[in-house]
There are 2 protein chains.
Amino acid sequence: MTAPESSAPKLRGRPRSPATDAAIIEAALRLLEEGASVGGLSIEGIAREAGVGKATVYRRWPGKDALMLDVLRSLEEPSPEPAGVSVRDDLVTVLEFMRRRGLAKRHSALLRSVITQMHAHKELWRAYDENVIAARRATLRAVLRRGRESGEIRADVDLELLADLFTGPMLARAMLHEWKELPDGLAERIVDTVLEGVSPRR
Amino acid sequence: MTAPESSAPKLRGRPRSPATDAAIIEAALRLLEEGASVGGLSIEGIAREAGVGKATVYRRWPGKDALMLDVLRSLEEPSPEPAGVSVRDDLVTVLEFMRRRGLAKRHSALLRSVITQMHAHKELWRAYDENVIAARRATLRAVLRRGRESGEIRADVDLELLADLFTGPMLARAMLHEWKELPDGLAERIVDTVLEGVSPRR
DNA sequence: CCAATACGATACGGTCTCGTATCGTAAGTC
DNA sequence: GACTTACGATACGAGACCGTATCGTATTGG
């Protein structure tokens, strides 16, 4: 789990350095950015990269899995609250948030790693799902539901499918093509095209 | 020069068993299906799983990367030739092909693994791209172009974006949610919804 | 029968990581 | 100053895998 000071820290000796916590997590992220997979990471390697003794890592986390959970949590970002003026703009807000995150190398690297190993480490996947995906999905669902009620979205479309229609293209690009394929304005284009449809209007 | 044996191999001695070739590749696929990552695979482990001596593997491939290339190639499937009657049906054909492939555990496992490690093993990624992705993309592009010419698809939409609008949702589901989320009829629903649009028709 | 090669098994030295333990030193509390 | 804990460094035995080599046996062609 995390390495929190409990509420009543009877601090006797030298306190643990928060900077060391951060340095370890930062080192793990750096290695992931450089192409390492979660499975390929080693405590030794992380400690080396962080310029830290191996025991210092083990003093904080029992093993790689627990450390990875905190690495995930370190990337938590508040999901944007859509303004609620038009469904179209709200959708753009959500997708634009995804786009910016996909542009961050550490995010896409982690996304790929976690996805690959979600079988081997169900716990890790659950954590990623809760920390990163769930909030976005909830926000998106709320927007879509509102759109259906307001008539901006057709009533006969499955909202679950709809969510994938909007997020799928962004996700696929972030995972397959990597940074460069997430240009400015991509969110708007996806939203408008899916809303409008591809067939010529009659 | 070199390679005197490559073109005209004199067949002395016991020939290599093609069944052993297959057993090794099959073992690698089995391990990947069970959740191993490409990086986590080991020649020793593959040989063990295949019931084969380690030297037998090294006799065929110089290392893991070369073996992986053949593992990829073993999954080659002829991309379906769309009938060409209507663009809508052709799109469904392409997406349905993707759906069926996503249902095959070994395909999605390999897809995830390769994506994760595409940085570490660019060569491997290139091979996957050529063997699995390129054909589908070419087919899809041809269909879309034809649709634009025939008027079934609006002329003002970027075909590159359009391709992602159709394939992205299928890919995202295959990678994130795993088998269960690729139900019958998904291809039709994606195609029809994207063609028709989500806004209510005026 | 003989020569040549494949094959499963096993052994080898080497490297890497594991998780634990033990140094001497640094940084806090009492 | 005494005590307690953190820290970087290092050592340790255990285990996995690397790539190569060498067994004895099996399977082919000559």
Which parts of residues 23-41 of chain A get close to DNA chain C, meaning a heavy atom less than 4.0 angstrom away?
none
So for the helix from dC1(C)-dG30(D) to dC30(C)-dG1(D), with five pairs setting each end axis, what is the inter-axis angle to 10°?
10°
Report the residues that fulfil salt bridge (Lys or Arg N to Asp or Glu O under 4.0 Å) with R126(A), sequence neighbours left out, ordered by chain and then residue number.
E123(A), E130(A)
Distance check, rounded to the nearest 0.5 Å: R136(A) atom CZ versus L95(A) atom CG?
9.0 Å
Mark yes or no for whether D90(A), through its side chain, and G84(A), through its backbone, hold a donor-acceptor pair below 3.5 Å.
yes
side-chain contact (heavy atoms from CB on, under 4.5 Å) against D192(B), all qualifying residues, sequence neighbours excluded:
R88(B), E188(B)
Rounded to whole Å, please give me the gap between CD1 in I46(B) and P in dG19(D).
11 Å
Please confirm whether the shortest side-chain N or O distance from S42(A) to OP1 or OP2 of dC16(C) is below 4.0 Å.
no
Whichever of S17(A) and R48(B) has the more 5' nearest nucleotide on DNA chain D, that residue is S17(A)
Check the pair R99(B), E96(B) against salt bridge (charged side-chain N to carboxylate O under 4.0 Å, His left out), reporting the backbone distance first and the verdict last.
CA-CA 5 Å; R99(B) 187 183 76 89; E96(B) 177 64 14; 2.9 Å; yes
In whole angstrom, give the distance that lies between atom CZ of R12(A) and atom C1' of dA2(D).
10 Å
Does K64(B) use its side chain to pair, donor to acceptor, with the backbone of I43(B) at less than 3.5 Å?
no
Listing request: all salt bridge (Lys or Arg N to Asp or Glu O under 4.0 Å) pairs with a residue in residues 36-45 of chain B, at least two apart in sequence or in separate chains.
E44(B)-K54(B)
Criterion salt bridge (charged side-chain N to carboxylate O under 4.0 Å, His left out) on R137(A) and D129(A), from CA distance to verdict
CA-CA 10 Å; R137(A) 193 163 42 204; D129(A) 189 62; 3.6 Å; yes
Show the numbers, then the answer: is there a salt bridge (charged side-chain N to carboxylate O under 4.0 Å, His left out) between E33(A) and R106(A)?
CA-CA 5 Å; E33(A) 283 181 43; R106(A) 53 183 47 185; 2.7 Å; yes
With a cut-off of less than 4.0 Å, is there a side-chain N or O of T20(A) near OP1 or OP2 of dC7(D)?
yes
So, OP1 or OP2 of dC7(D): does either fall under 4.0 Å of a side-chain N or O from T56(A)?
no
Looking at L195(B), is its backbone amide N or carbonyl O close enough to the side chain of S199(A) to form a donor-acceptor pair, meaning the two atoms are under 3.5 Å apart?
yes
For the pair made of CZ in R60(B) and C1' in dG19(D), what is the distance, rounded to whole Å?
17 Å
Taking only N/O atoms, report every protein-nucleotides 19-25 of chain C pair under 3.5 Å with atom names and distance.
unit_1: dG19(C); atom_1: OP2; unit_2: Y58(A); atom_2: OH; d: 2.4
unit_1: dG19(C); atom_1: N7; unit_2: K54(A); atom_2: NZ; d: 3.0
unit_1: dG19(C); atom_1: O6; unit_2: K54(A); atom_2: NZ; d: 2.5

Could you tell me how far apart R16(A) (CZ) and dG8(D) (P) are, to the nearest whole angstrom?
12 Å
R148(B) side chain to V157(B) main-chain N or O, any donor-acceptor pair under 3.5 Å?
yes
